[in-house]
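See structure below.
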Amino acid sequence: MDDMDFPTPDVEVESVDPTELKAQIDAGESVTLLDARMTSEYEEWRIDGENVESINIPYFHFLDDEIPEDVLDQIPDDRELTVLCAKGGASEYVAGSLKELGYDVDHLNNGMNGWARVYEAVEVTDYDGAGTLLQYQRPSSGCLGYFVYDNGEAAVIDPLREFTDRYLEDAEELGVELQYAIDTHVHADHISGVRNLADEGVEGVIPESAVERGITYADDMTLAADGDEFEVGDVTIETVYTPGHTSGMTSYLIDDSLLATGDGLFIESVARPDLEEGDEGAPEAASQLYESLQERVLTLPDETHIGGAHFSDAAEPTEDGTYTAPIGQLVDEMDALTMDEDEFIELILSDMPPRPSNYEDIIATNLGQQEANDEEAFELELGPNNCAASQESLADD
């Protein structure tokens, strides 16, 4: 919709930066959003939060010379409004039309595309291994990544292509050299940044077990097998093979303190098993996942923290603002982790959410079988991740 030429509003409309909006939401401020995208886009992907009121009225309702009364009746006039759309064009026009009528209104700069570029680094203060561990958070899609550094060296796990420059800039600011860019698996919801970082001189690492899926660039990567270790200063990153979400799913144990599980286990749910072989292969993958959780993950000490590659709206951050939790806590809170195998398989196959948008094209791009320029890659991955087995939290179930 933002490809349309909207008239310039007759009144000046202030814009709010996506990072400012995120700060308001995080601070617990009441936020009222008027989302002017089409209803189908809104229902698939929107900005949520306990303190966020979101109203969807598509932009075309504001194109007449006079906005219909039944439309205005849906819009509160007793508080500040932020109008948003896909790229920022329609929202500025809608906000201007409402401001002319006396509404206290601004619009979101660059719309949902701008929201998708919000990327924050939060220190994992409960991490007690060597060095310092950061968790990258992308609120638009719930993507998480990890950056560990010590004694002048660093590694990033599950980097996103969109933020290739960010990792390099963060390393420079911290005075460390980025040694490794590591993927946990072939992702289905975002474009991996491992190859782009490898082009910048960083050693790219992918799971050896994922190569059979048809990865075309394996010869340019270091292949990580179960038990392999990577050193970053005094930090040891151990490879732990944990198939289930995909056949190549691999976790990385960071200095015996935090297990970066990719999409194998989240703090609010377990993985969905159908993104590689579809519904027909899901039962076998679910059985693999059960075995990985029971024999490779839950056998670690209870105090070992879990850090997944995603979080959903159902996840609650810890006091340090990260989406991590000790294994012992997850076992106490998530019945799925104490079920027998048949119950487990039945549970995670019972109510899986829709598959991620464009997942087939994203997988093909991450395998190197399909090309996408930076803009195409960014457009492909817009939307929710949907890599968990349930849209609702399985913790405290």
Side-chain angles (χ1 to χ4, degrees), residues 1-122 137-142 162-163 166 313 317 321 375 378-379 382-384:
M1 81 182 177
D2 279 284
D3 293 330
M4 292 177 59
D5 292 326
F6 288 91
T8 301
D10 294 330
V11 294
E12 184 177 350
V13 178
E14 293 185 1
S15 63
V16 58
D17 188 80
T19 56
E20 296 177 53
L21 178 63
K22 176 65 164 49
Q24 292 172 5
I25 295 173
D26 289 347
E29 298 178 21
S30 294
V31 172
T32 302
L33 303 177
L34 173 56
D35 195 320
R37 295 176 299 152
M38 301 301 286
T39 299
S40 59
E41 297 173 297
Y42 175 81
E43 290 179 345
E44 179 181 5
W45 180 48
R46 59 181 177 267
I47 300 174
D48 284 316
E50 290 185 2
N51 50 313
V52 176
E53 179 183 356
S54 180
I55 305 163
N56 176 225
I57 305 177
Y59 72 97
F60 60 79
H61 290 288
F62 298 87
L63 296 179
D64 294 336
D65 292 336
E66 291 189 10
I67 302 172
E69 285 297 324
D70 62 331
V71 172
L72 293 176
D73 287 344
Q74 301 174 58
I75 305 171
D77 58 7
D78 59 349
R79 74 199 75 162
E80 183 178 359
L81 299 171
T82 294
V83 184
L84 64 92
C85 60
K87 300 178 182 177
S91 61
E92 184 178 17
Y93 169 77
V94 172
S97 299
L98 291 173
K99 189 168 184 178
E100 290 176 350
L101 296 176
Y103 284 83
D104 183 6
V105 61
D106 56 28
H107 83 107
L108 184 64
N109 191 32
N110 294 320
M112 291 298 284
N113 279 14
W115 183 249
R117 289 188 168 92
V118 175
Y119 200 54
E120 300 175 322
V122 183
Q137 302 173 356
R138 190 184 195 185
S140 64
S141 61
E162 176 64 25
F163 300 99
R166 170 69 182 276
D313 292 336
E375 182 178 352
F378 179 75
E379 293 287 338
L382 293 177

Output a table of donor-acceptor pairs, distance under 3.5 Å, between side-chain atoms of residues 69-83 and any protein atom two or more places apart or on a different chain; print 'none' if there are none.
unit_1	atom_1	unit_2	atom_2	d
Gln74	NE2	Asp70	O	3.2
Arg79	NH1	Glu53	OE1	2.5
Thr82	OG1	Asp106	OD1	2.7

### Query
Considering only heavy atoms from C-beta outward, does the side chain of Glu120 approach that of Thr19 to under 4.5 Å?
no

### Summary
Output for pair (Glu92 CD, Lys99 NZ), nearest 0.5 Å, gives 11.0 Å

Please tabulate, for side-chain N and O atoms in residues 25-33, each donor-acceptor pair with protein atoms closer than 3.5 Å (sequence neighbours left out).
unit_1	atom_1	unit_2	atom_2	d
Asp26	OD1	Lys22	NZ	3.2
Asp26	OD2	Lys22	NZ	2.6

### Task
Report the residues that fulfil side-chain hydrogen bond (donor to acceptor under 3.5 Å, both in side chains) with Gln24, sequence neighbours left out, ordered by chain and then residue number.
none

## Note on the structure
One should read off an interatomic distance between Glu43 CD and Arg37 CZ, to the nearest 0.5 angstrom, of 10.5 Å

#### Entry: From CG (Leu21) to CD1 (Ile47), nearest 0.5 Å
5.0 Å

### Query
What residues form a side-chain contact (heavy atoms from CB on, under 4.5 Å) with Asn113, not counting sequence neighbours?
Lys87, Arg117, Phe378, Glu379, Leu382

### Task
Quick one: closest heavy-atom pair of His107 and Ala95, and the distance?
CB-CB, 4.1 Å

#### Entry: Results of side-chain hydrogen bond (donor to acceptor under 3.5 Å, both in side chains) for Tyr119 - residues two or more places apart only
Tyr167

### Query
For Asp104, what residues pass the side-chain hydrogen bond (donor to acceptor under 3.5 Å, both in side chains) criterion, not counting sequence neighbours?
none

### Task
Report the residues that fulfil side-chain contact (heavy atoms from CB on, under 4.5 Å) with Ala121, sequence neighbours left out, ordered by chain and then residue number.
Leu134, Tyr136, Arg166

### Task
Side-chain contact test, heavy atoms from C-beta onward, threshold under 4.5 Å: evaluate it for Ser141 versus Trp45 and give yes or no.
no

### Query
Can you name the nearest heavy-atom pair linking Leu108 to Ser91, along with the distance?
O-OG, 4.0 Å

### Summary
In terms of heavy-atom contacts, Phe62 and Ser97 come closest through O-OG, 4.5 Å

### Task
Output all residues satisfying salt bridge (Lys or Arg N to Asp or Glu O under 4.0 Å) with Asp48, sequence neighbours left out; order by chain, then residue number.
Arg46

### Message
Between Leu63 and Tyr93, does the side chain to side chain contact (heavy atoms under 4.5 Å, CB included) criterion hold? Intermediate values first, please.
### Response
CA-CA 9 Å; Leu63 296 179; Tyr93 169 77; 3.7 Å; yes

### Query
For Cys85 and Gly89, which heavy atoms make the closest approach, and how far apart are they?
SG-N, 3.7 Å

## Note on the structure
All heavy atoms of Ala116 vs all of Phe163, minimum pair found to be O-CZ, 3.9 Å

### Message
I want to check something: taking the side chain as every heavy atom from C-beta on, are Ser54 and Tyr42 in contact at a cut-off of under 4.5 Å?
### Response
yes

### Reported CG-to-CE distance for the pair Asp35 and Met112, which is rounded to 0.5 angstrom
6.5 Å

### Query
Side chains of Val94 and Val105: closer than 4.5 Å at any heavy-atom pair?
no

